[in-house]
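To keep things clear, I will list the structure first and then write my remarks on it.
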Amino acid sequence: QDIDEDEITLPAEKTKNKKDIHRITLTPKIREVLYDLKNITGDSGYLFKSTQFKTGEPQTEEPVKPATLSRLLKKALAVEHTDARGKKKPAGFLYGIEEFTPHDLRRTVGTHIGDLGFSMAEVAVLLNHSQGGVTAIYNRADGIERKKVMLNSWHKRLDQLIEGGKVSNVVDLRA
């Protein structure tokens with residue numbers, strides 16, 4: 001319900017800072033990801049819907065809680081984990097990738113967008129960080145067009161990284 005044809009509009013209570021509405025333009029890459037998620041979740045009202053832990057059956061229109069998403073990601077990246085019955089199990093399909101959290105993805109995007117030449121103030125707007133000072137009182141612009149430019153630049157960079165092509169000012173951290 002937070003997504004229309006052109007953008008995602010998150011009400012303040014759904015944002016990280018819980019203060020400001022956050023608008024994100026739907027770039028072609030974001031549309032592609034949303035389409036893929038919709039194919040996975042079907043007619044659910046959520047992109048990430050909760051399931052019953054014991055049965056694996058979908059719950060009635062409940063979103064996955066952020067803590068649950070973090071826990072599942074940690075489990076998938078672990079060398080092994082202990083299941084509900086106390087048995088040690090090998091990691092999920094992401095085995096071999098260094099452990100990270102969903103928040104690390106947010107930090108990675110912010111860092112790479114900064115590396116693309118966008119200012120710290122622009123990155124702060126994209127990440128919906130609270131703005132302080134006198135300027136924030138007078139400047140109520142949400143920067144939606146600039147966010148679109150930043151996200152399209154990031155998606156181009158991301159495609160280059162995925163394809164394994166040469167990308168300037170990016171250090172390959174793989175072992």
Full working for side-chain contact (heavy atoms from CB on, under 4.5 Å) between His22 and Ile24: CA-CA 7 Å; His22 188 42; Ile24 305 162; 3.6 Å; yes
As an exercise, state the distance from [atom1] of [X] to [atom2] of [Y], rounded to the nearest 0.5 Å.
X: Trp154; Y: Thr108; atom1: CH2; atom2: OG1; value: 7.0 Å
X: Leu34; Y: Asn39; atom1: CG; atom2: CG; value: 11.0 Å
X: Leu26; Y: Asp6; atom1: CG; atom2: CG; value: 7.0 Å
X: Ile8; Y: Ile30; atom1: CD1; atom2: CD1; value: 5.5 Å

Distance-only, no hydrogens or angles: does the [X] side chain make a donor-acceptor pair with backbone N or O of [Y] under 3.5 Å?
X: Arg31; Y: Glu5; answer: yes
X: Asp104; Y: Thr101; answer: yes
X: Arg106; Y: Leu127; answer: yes
X: Lys147; Y: Arg23; answer: yes

Worked verdict on Lys29 versus Asp159 for salt bridge (Lys or Arg N to Asp or Glu O under 4.0 Å): CA-CA 10 Å; Lys29 180 66 79 180; Asp159 285 341; 2.6 Å; yes
Taking all atoms of both residues into account, what is the closest heavy-atom pair of [X] and [Y], and its distance?
X: His112; Y: Leu161; answer: CE1-CD1, 4.2 Å
X: Val123; Y: Gly114; answer: CG2-N, 4.0 Å
X: Leu151; Y: Thr25; answer: CD1-O, 4.1 Å
X: Lys18; Y: Thr15; answer: N-OG1, 3.1 Å

Verify same cluster id: Met120, Leu116 (apolar side-chain graph, 4.5 Å):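 Hydrophobic grouping puts Met120 apart from Leu116.
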Ile144-Phe118 co-clustered via ILVMFWY side chain contacts under 4.5 Å: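 No, because Ile144 and Phe118 fall into different hydrophobic clusters, even though each may have its own neighbours under 4.5 Å.
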Non-neighbouring partners of Arg146 that pass salt bridge (Lys or Arg N to Asp or Glu O under 4.0 Å), sequence neighbours left out: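 Residues passing salt bridge (Lys or Arg N to Asp or Glu O under 4.0 Å) with Arg146: Glu122.
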Results of salt bridge (Lys or Arg N to Asp or Glu O under 4.0 Å) for Lys38 - residues two or more places apart only: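 Lys38: no salt bridge (Lys or Arg N to Asp or Glu O under 4.0 Å) contacts found.
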CD1/Ile21: more than 12 non-hydrogen atoms of other groups inside 6.0 Å: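 Atom CD1 in Ile21 is not crowded, with 12 or fewer foreign heavy atoms closer than 6.0 Å.
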Polar side chain donor-acceptor pair, Thr27 to His155, under 3.5 angstrom: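 The answer is yes; a qualifying pair exists.
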Non-hydrogen side-chain atoms of Ile113 and Ser153 separated by less than 4.5 Å: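 In short, these two side chains do not touch, never coming nearer than 4.5 Å.
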Close side-chain approach of Leu158 and Val109, heavy atoms under 4.5 Å: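 Contact flag for Leu158/Val109 side chains = no.
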